[in-house]
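Down below is the structure, laid out as structure tokens.
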Amino acid sequence: LITGVMTIVSLLIPGLATAVLVRFVYESFLPIFRLGYGTTFYALPMHSRLQVKSTIEGYIIPGAIVIASGLVAFLEHLIHGPELWFLLGNLILLISILSIIIFSKLKPHYTDYIISHIHQSSDHFKTTLIQILAEPGHTKALASLHRLIKIPREAAKVKQQILLTLGSLH
């Protein structure tokens, strides 16, 4: 969203100062994005992480860049002048808002996915999944964590992580 807003600002107020501001904001928020992007893969079983990451970075992202570039070229062919920049700015803002709506709707499914894999995983993978559930927004997982900690055969390391997570969720 911040990148979309800054892109609109740079389209409406062109110049070196705006370009520097946009680059500064981009570089400032990139580590936050990368951290979230990287930790998302820990919810996947280890044998499929590399395949999913390669698919996203090798096909989906480049494909999106090609489609977006083609759309800009097509719109530039149809519309000329300031109307094009206004349309592109609004399009970027619309895509940003739709992305926020879609990802906020997907978050409960992410929690469900983690919970469904937590019972059939190794102890190391369970602790990783439980650490993910400790992040804000996973309060739906409380019942599953309570059930998991009551299992007598569960490893002490897993139970310790569950207690830490339960403490952070309450």
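Scope of the values below: all heavy atoms of this structure, side chains included, with no hydrogens, waters or symmetry mates.
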Exercise. Mind listing the closest non-hydrogen atom pair of Ala141 and Thr111 along with its distance?
Key: CB-CG2, 4.2 Å
Exercise. For Glu57, look at atom CD and say whether over 12 heavy atoms of other residues, nucleotides or ligands are found less than 6.0 Å away.
Key: yes
Quiz item: Could you state the interatomic distance from OG (Ser54) to CD1 (Ile60), rounded to the nearest 0.5 Å?
Solution: 11.0 Å
Exercise. Measure the spacing between CG of Leu87 and CG of Leu75 and express it to the nearest 0.5 Å.
Key: 5.5 Å
Quiz item: Does Asp112 reach the side chain of Ser116, with side-chain heavy atoms less than 4.5 Å apart?
Solution: no
Exercise. State plainly whether one hydrophobic cluster holds both Ile114 and Leu142, where clusters connect Ile, Leu, Val, Met, Phe, Trp and Tyr through side-chain heavy atoms under 4.5 angstrom apart.
Key: yes
Quiz item: Got Lys157 and Lys126 here, is their nearest side-chain heavy-atom distance under 4.5 Å?
Solution: no
Quiz prompt | Nearest heavy-atom neighbours spanning Ile56 and Pro62 | solution = O-CD, 4.2 Å
Quiz item: Nearest 0.5 Å, what's the CD1-CZ distance between Ile79 and Phe74?
Solution: 9.0 Å
Self-check item: Note, His146 side chain near Leu166 side chain (heavy atom, < 4.5 Å)
Solution: yes
Practice problem: Examine distances only and state if a side-chain atom of Ser69 and a backbone atom of Val66 form a donor-acceptor pair shorter than 3.5 Å. | Solution: no
Quiz prompt | Ile92, Leu93, Leu91, Ile97 screened by side chain to side chain contact (heavy atoms under 4.5 Å, CB included) with Ile95, the one that passes | solution = Leu91
Quiz item: At what distance, to the nearest 0.5 angstrom, does CD1 of Ile102 lie from NZ of Lys105?
Solution: 10.5 Å
Quiz item: So do Ile132 and Tyr110 actually touch side chain to side chain, heavy atoms under 4.5 Å?
Solution: yes
Quiz item: Should Leu148 and Ile130 count as side-chain neighbours, where that means a heavy-atom distance under 4.5 Å?
Solution: yes
Quiz item: Taking the side chain from Lys159 and the backbone from Ile151, do they hold a donor-acceptor pair closer than 3.5 Å?
Solution: yes
Practice problem: Can you measure from NE2 (His117) to CG (Leu129) and round to the nearest 0.5 angstrom? | Solution: 8.5 Å
Quiz item: In the hydrophobic cluster built from side-chain contacts under 4.5 Å, what are the other members alongside Leu98?
Solution: Leu94
Quiz item: Looking at CG of Leu133 and CD of Gln161, how far apart are the two atoms once the value is rounded to the nearest 0.5 Å?
Solution: 10.0 Å
Quiz item: Any side-chain heavy-atom pair from Leu78 and Leu84 closer than 4.5 angstrom?
Solution: no
Quiz item: What's the verdict on side-chain contact (heavy atoms from CB on, under 4.5 Å) for Glu76 and Leu88, showing C-alpha distance, side-chain angles and the deciding distance?
Solution: CA-CA 10 Å; Glu76 190 174 27; Leu88 287 176; over 6 Å; no
